[in-house]
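Proteins get letters first, then strands, A, B, ... in listed order; numbering begins at 1 in each. Only heavy atoms go into these numbers, but all of them, side chains included; no hydrogens, no water, no symmetry mates.
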There are 4 protein chains.
Amino acid sequence: MEVSAKKIALFDAVIALIEDGVDINTLKVSDITNRAGIGKGTAYEYFRSKEEIIIQALFYDVGQRIEKIRRLLRQYTNTKDRIHAVFQWIETDARQKSSFTQLFRMANGSFEFSNSLKEEMARQEGYCKEINDILTAFVEAGVAEGVFRREISPVLQRTALLSQIMSFMIYFHQEDISEAVTVEEMKDFLYENIMRMLG
Amino acid sequence: MEVSAKKIALFDAVIALIEDGVDINTLKVSDITNRAGIGKGTAYEYFRSKEEIIIQALFYDVGQRIEKIRRLLRQYTNTKDRIHAVFQWIETDARQKSSFTQLFRMANGSFEFSNSLKEEMARQEGYCKEINDILTAFVEAGVAEGVFRREISPVLQRTALLSQIMSFMIYFHQEDISEAVTVEEMKDFLYENIMRMLG
Amino acid sequence: MEVSAKKIALFDAVIALIEDGVDINTLKVSDITNRAGIGKGTAYEYFRSKEEIIIQALFYDVGQRIEKIRRLLRQYTNTKDRIHAVFQWIETDARQKSSFTQLFRMANGSFEFSNSLKEEMARQEGYCKEINDILTAFVEAGVAEGVFRREISPVLQRTALLSQIMSFMIYFHQEDISEAVTVEEMKDFLYENIMRMLG
Amino acid sequence: MEVSAKKIALFDAVIALIEDGVDINTLKVSDITNRAGIGKGTAYEYFRSKEEIIIQALFYDVGQRIEKIRRLLRQYTNTKDRIHAVFQWIETDARQKSSFTQLFRMANGSFEFSNSLKEEMARQEGYCKEINDILTAFVEAGVAEGVFRREISPVLQRTALLSQIMSFMIYFHQEDISEAVTVEEMKDFLYENIMRMLG
DNA sequence: CATGAATGAGGGTTCATTCAT
DNA sequence: CATGAATGAACCCTCATTCAT
């Protein structure tokens, strides 16, 4: 799974462009290669098509983010800290509108891409599964710790947990957080919700 | 806000195409007009660009759906019935992958469209706001009814409510609902969650 | 087999370009459409690819030439006149380097084109066959007339006849007809050859 | 006229590719260098462009073939044997569709190559001329031997000779030699034709 | 109004050529 | 010398938009 420097440069360019708010569907190859500081033709030494570049860039990015959250979660020994770690991660990492969008889309499979590339996604050993794995581990630890009720089905537990995580994402994603709810208030509320649902 | 028959025909064509699973980004004008049974040039008598057609079609569709859920909610006098009515609506109306995707995207503003058309969206008096209004009315009724705690901030109440609605959408949206959780179990669990969080 | 005016315009453009000495392999779509006096995109309303345009243009041209020689031959009642008619036709019609080349290639199947289009050629009911038919009719008439020996195999008769026709083509095709042989001398020699071989 | 090993390797690669049926117009530099087993850049140490490589490769190949037929002809002391030697050479050497095609094209100058390289061809001291030389020597020997009539113009004699040689080439080149004419019958017929025309 | 034939700007992709190693 | 990674000019094709009928 070694990835060449040029590939990384292209991935980073795609991510940077997306973070800049460029629509993923209007991305031009020249935009990407210019941003990556390489020639247009060079991209085709490493990828067979524009779509391949973009898809793989997204997977690369999501993979990195997942790895980060995994490492993060390993540092904490109790559920409360882990929940707040996730919130913290969202605040710092998933805050950007664009990358959040991508991750979110992955989470519910609503990627809009040429059908021919949906196969590619299938081949990629689904990050959805990875997210699910993380949630599963999260919930199991909570049960083992005794803070989550054992009798609730794991699926339901994951659903409940994810619902509050998504709520926090949407909170950050909203254009105008006009009505006065501070980040801390929101975090407390969502944490309490999780405990009410699963505790 | 009178809308001509030709416009409706084009809107319906766009919606039908999306429901058929056609990627919104690869929609061609000729696809739309063919489906609508009118000439390609005719579309430009009513709209200034392809994007205008699609955007307005989506708004038209979401508007209809929102109107439907509004009428539906008016039929019920208590919160419990209203919550189940929403679940029922998701089961019947928002089940299709595509239309759900559109609505969902609208709900969190993650439309991916050429920036030039984001203004158009802004001009459209945000359906997000309408969704928010519905949630607000929902929550207020719950408080008036005495089943939701008055001391929770309305923003938080809406957040909690939406989180469980989204969970139900995702439940239907998942490709493989492999693990055995029946629809009824899920609905009960989500309803209980709402009551635990807000009751 | 009705052919639209636009198609004809494109065919004529291709032929004209070839007659001008443009290499068939370096022909650009824009060259063709410019010459035809139509927009680049228009070509794709009538053909699916550049190769399709060129291939069909060549077949169209060869078809016309064959039709012409056919009509021509029908006007004459004896073999001698027919042979000279063919020479005459070569002098006026097949003189151009390029069109000769095309015809010639067809005659021996040495078209160099993307393999994917060889099928197209196959579908076209071989003009090679048509050329063969003309030769066959030619020879049969000669036999009936009593100027060609009946005992020679038709294949051999056609071979002999074609060899002298080709010789005349090559005579015109040569860059420098340095050594003094007049057209009339050549025609007489070739005619005599045919009679010596087949008479 | 010393030719380096690398050049030969490239020439051989081009020839091999052509014999494999690859279209000369779609030949890529990388195809050639890969086949030759050398680096892509190396080709440009010896040639200034792709076309130069291919053109020179073709000349190299034709030169070799001509040399071979020359040696072959020197072995025979009478015209009849020489004619059959040529037929034999066509059967063994010029049988392949591709190399035949190249040679044939050379013979009538119908090379399709970017005009810029036609000059290159001119500079190459025309192999057409060499072929012509061979034909001239052939005819002169026939006259000296007394089997060809002295009063026929050398140009005409060469024309007649070449016409039957070409006929034999076309005979082998035809896809389907469906109609029953054996190689021997054809050779006899063509030999007789030559004698009837020139004897 | 309605149409669809015509258009050409735009962008993905290829591949001959270069040049730093 | 030899290499092959990098390059970008070139070109095919798509499709949103226009406009004559």
Paired nucleotide for F/dG8 [Watson-Crick or G-U wobble; both distances under 3.5 Å]
E/dC15

Tell which nucleotide pairs with E/dA20, taking only Watson-Crick or G-U wobble pairs whose two distances are both under 3.5 angstrom.
F/dT3

When you measure from the side chain of A/K28, which nucleotide among F/dT3, E/dG12, F/dT17 comes out closest?
E/dG12

Tell me, do A/I53 and A/L27 make a side-chain contact under 4.5 Å, heavy atoms counted?
no

So, A/Y60 and A/Q56: side-chain donor and acceptor under 3.5 Å apart, yes or no?
no

Which residue lies toward the 5' end of DNA chain F, D/G37 or C/S30, if each is placed at its nearest nucleotide?
D/G37

Are A/D31 and A/R35 close enough, and set up right, to give a salt bridge (charged side-chain N to carboxylate O under 4.0 Å, His left out), and what steps lead you there?
CA-CA 6 Å; A/D31 290 341; A/R35 181 80 176 225; over 6 Å; no

On DNA chain E, more 5' by nearest nucleotide between A/V29 and D/V29 is A/V29

Taking atom C1' of E/dC15 as reference, at what distance in whole Å does atom CD1 of D/I32 sit?
12 Å

Interatomic distance where OH belongs to C/Y46 and P belongs to F/dC13 [whole Å]:
18 Å

Send over the distance from B/I53 CD1 to F/dA16 P, rounded to a whole Å.
9 Å

Rounded interatomic separation in angstrom, taking CG from A/N25 and P from E/dG11:
14 Å

d(CG, D/L10; P, F/dC1) in whole Å:
15 Å

Calculate, to the nearest 0.5 Å, the distance between atoms OH and CD belonging to D/Y46 and D/E52 respectively.
14.0 Å

Mind checking if B/L27 touches a base, just sugar-phosphate, or nothing, with heavy atoms under 4.0 Å?
sugar-phosphate

Check every atom of F/dT17, F/dA10, E/dG8 against the side chain of C/K40 and return the nucleotide holding the closest atom.
E/dG8

Side chain of B/T42 - closest among E/dT7, E/dT3, E/dG11
E/dT3

Whole angstrom value for the distance that separates P of F/dG8 from CD of A/E45
13 Å

A/K50 NZ to E/dG12 P: how many Å, rounded?
4 Å

Rounded off to whole Å, could you give me the CD1-to-P distance for the B/I38 and E/dC1 pair?
14 Å

Report the residue (B/G39 or A/Y44) whose heavy-atom-nearest nucleotide on DNA chain E is the more 5′ of the two.
B/G39

What I'd like to find out is whether the side chain of C/I24 reaches to under 4.5 Å of the side chain of C/L58, using heavy atoms alone.
yes

